[in-house]
Amino acid sequence: MIDPHHPRAKSLQTREQLVEGVKMGITSLNGLISHGRGEAFDYLLSEHSHDFAIEAINAAAATLVLAKHPVLCTNGNSSALVAQEYVTLSRLLDCPIEINLFHRSKEREQKIKQHLESFGAKNVLGVGSDASDIVPGIASPRKMVSPQGISKADVVFIPLEDGDRTEAVVSLSKTVITVDLNPLSRTAKMANITIVDNIVRCMSLLIQKIEKYKNLSKEELEKIIAQYDNAKILLQAEKKIRQGTM
């Protein structure tokens, strides 16, 4: 039982969600290590969504609304933490969710699909033989993607990502939006738009912004994107982390 008055109650609850994800066969043990690394950066960010994260969320929302074929990519950690938010985004954007795993197995893919469907997901790709296309330049099983998903997409939302796949997908002239608490990572630097924030915080903010931006004109959305500078955002995030919790 986590004390709701604990100063880091949300962080402790997130840990428990991932532990439950492991028990369900959704999250890998390696995913717990990855989360621990991100949690350290979040602590230095005072576990707060800063202005640089909001600016990236604005650009991400505008980009997703304008996209012709957006795809929401998920892995074990993101599925365990924000499945409902993924389904909500999928409905808002009328786009598929694609499962893509480093530690891939048919059983785990099916469990993640069933987990997403339990929240109402209608179009889940990347399971079994559906992941039949290959993204060049990736050695891991993450190279396998769906022809109707990442292969077809013009914009791909890939949070909690490996840098090699981000770089490879960008090289295919696709716009990559990521969520990464480490502004120094290869993922953060290679993505077109990097939200330096905790995924359990930024997803609801992204949903709210997309709901608002769906009412804007194409010209207004393009202006928001044109004003965005990912390198500047990463520098701001790095500065805040170097300051620590001060």
Side-chain angles (χ1 to χ4, degrees), residues 45 48-74 78 82 85-98 100 135 145 148-163 165-241:
L45 288 169
H48 173 72
S49 298
H50 295 274
D51 289 344
F52 49 80
I54 302 302
E55 189 171 342
I57 288 169
N58 292 344
T63 301
L64 286 166
V65 170
L66 279 179
K68 293 181 179 179
H69 300 289
V71 171
L72 308 175
C73 191
T74 189
S78 54
V82 286
E85 288 82 352
Y86 261 89
V87 173
T88 300
L89 273 179
S90 177
R91 288 174 179 167
L92 276 173
L93 297 168
D94 189 23
C95 73
I97 301 170
E98 180 167 344
N100 185 275
V135 176
V145 299
Q148 296 304 312
I150 290 173
S151 285
K152 183 179 179 181
D154 56 344
V155 177
V156 189
F157 178 69
I158 314 180
L160 315 183
E161 180 54 33
D162 290 333
R165 191 163 73 108
T166 299
E167 184 173 4
V169 174
V170 168
S171 71
L172 295 176
S173 299
K174 301 177 188 294
T175 298
V176 172
I177 300 167
T178 195
V179 179
D180 196 328
L181 280 160
N182 177 8
L184 300 174
S185 74
R186 183 157 56 126
T187 296
K189 292 180 178 180
M190 292 306 304
N192 301 97
I193 300 172
T194 302
I195 304 170
V196 184
D197 200 5
N198 194 317
I199 194 169
V200 300
R201 288 195 302 270
C202 75
M203 286 292 276
S204 60
L205 297 174
L206 180 59
I207 288 168
Q208 292 170 20
K209 194 62 66 171
I210 287 174
E211 290 174 333
K212 178 180 178 180
Y213 281 6
K214 283 173 72 72
N215 298 315
L216 298 184
S217 67
K218 180 181 178 182
E219 290 72 23
E220 289 172 310
L221 294 171
E222 288 176 340
K223 184 178 179 180
I224 292 169
I225 297 168
Q227 292 174 338
Y228 181 75
D229 184 339
N230 202 56
K232 182 191 74 174
I233 292 300
L234 295 181
L235 285 174
Q236 291 175 355
E238 181 182 347
K239 181 179 179 180
K240 172 57 186 172
I241 286 173

Hey, what do you get for CG (Leu89) to CG (Asp94), rounding to the nearest 0.5 Å? 12.5 Å

Find out whether Asp180 and Pro159 are in side-chain contact, i.e. whether some heavy atom of one side chain is under 4.5 Å from a heavy atom of the other. no

Side chain to side chain, Thr63 and Ile177, heavy atoms closer than 4.5 Å: yes

Would you say Phe157 and Val71 make side-chain contact, with heavy atoms under 4.5 Å? no

Nearest heavy-atom contact between Ala168 and Val135 is CB-CG1, 3.7 Å

Can Leu64 and Tyr213 be said to form a side-chain contact (heavy atoms from CB on, under 4.5 Å), step by step? CA-CA 10 Å; Leu64 286 166; Tyr213 281 6; over 6 Å; no

Minimum heavy-atom distance between Thr166 and Ala191, given as atom pair plus value: CG2-N, 3.7 Å

Applying the side-chain contact (heavy atoms from CB on, under 4.5 Å) criterion to Pro183, which one of Lys189, Glu238, Gln236 satisfies it? Glu238

Side-chain contact, heavy-atom cut-off 4.5 Å: Ile210 with Lys214? yes

Going by atom types only, do Glu85 and Thr88 share a side-chain donor-acceptor pair under 3.5 Å? no

Assess whether side-chain contact (heavy atoms from CB on, under 4.5 Å) is satisfied between Glu55 and Ile233, documenting all intermediate values. CA-CA 8 Å; Glu55 189 171 342; Ile233 292 300; 3.6 Å; yes

About how many Å separate CD1 of Ile207 and CD of Glu211, when rounded to the nearest 0.5 Å? 7.0 Å

CG-CG distance between Leu234 and Leu184, expressed to the nearest 0.5 angstrom: 8.5 Å

Less than 4.5 Å apart, side chain to side chain, heavy atoms only: is that true for Thr178 and Ile195? no

If you define the side chain from C-beta out and look only at heavy atoms, does anything of Leu216 sit under 4.5 Å from Ile224? yes

So, for Tyr86 and Cys73, which heavy atoms are closest and what is the spacing to 0.1 Å? OH-O, 2.6 Å

Relative to the ring of His50, is the ring of Phe52 parallel (under 30°), tilted (30 to 60°) or perpendicular (over 60°)? parallel

Are Val145 and Glu98 close enough that some pair of their side-chain heavy atoms sits under 4.5 Å apart? yes

Testing Val176, Thr175, Val156 for side-chain contact (heavy atoms from CB on, under 4.5 Å) with Val170, which one passes? Val176

For Asp154 and Lys68, indicate whether the former's side chain and the latter's backbone hold a donor-acceptor pair under 3.5 Å. yes

Just verifying a value: how many Å separate Lys212 NZ and Gln208 CD, rounded to the nearest 0.5 Å? 10.5 Å

Could you check Ile54 against Asp197 for side-chain contact (heavy atoms from CB on, under 4.5 Å), going step by step and ending with a plain yes or no? CA-CA 9 Å; Ile54 302 302; Asp197 200 5; 5.9 Å; no

Can a side-chain donor-acceptor contact be found between Asn230 and Tyr228 if the only test is distance below 3.5 angstrom? yes

Start with the C-alpha gap between Ser151 and Lys174, add the side-chain angles, then the distance that decides, and say whether side-chain contact (heavy atoms from CB on, under 4.5 Å) holds. CA-CA 9 Å; Ser151 285; Lys174 301 177 188 294; 5.6 Å; no

Write down the atom of Leu72, the atom of Ser90, and the distance for their closest heavy-atom approach. CD1-N, 3.5 Å

To the nearest 0.5 Å, tell me how far Met203 CE sits from Asn198 CG. 11.5 Å

Side chains of Cys202 and Ile57: does their closest heavy-atom pair fall under 4.5 Å? yes

Any idea which heavy atoms bring Ala237 and Leu45 closest together, and the distance? O-CD2, 4.5 Å

To the nearest 0.5 Å, tell me how far Thr194 OG1 sits from Leu181 CG. 11.5 Å

Any idea which heavy atoms bring Ile193 and Ala56 closest together, and the distance? CG2-O, 3.5 Å

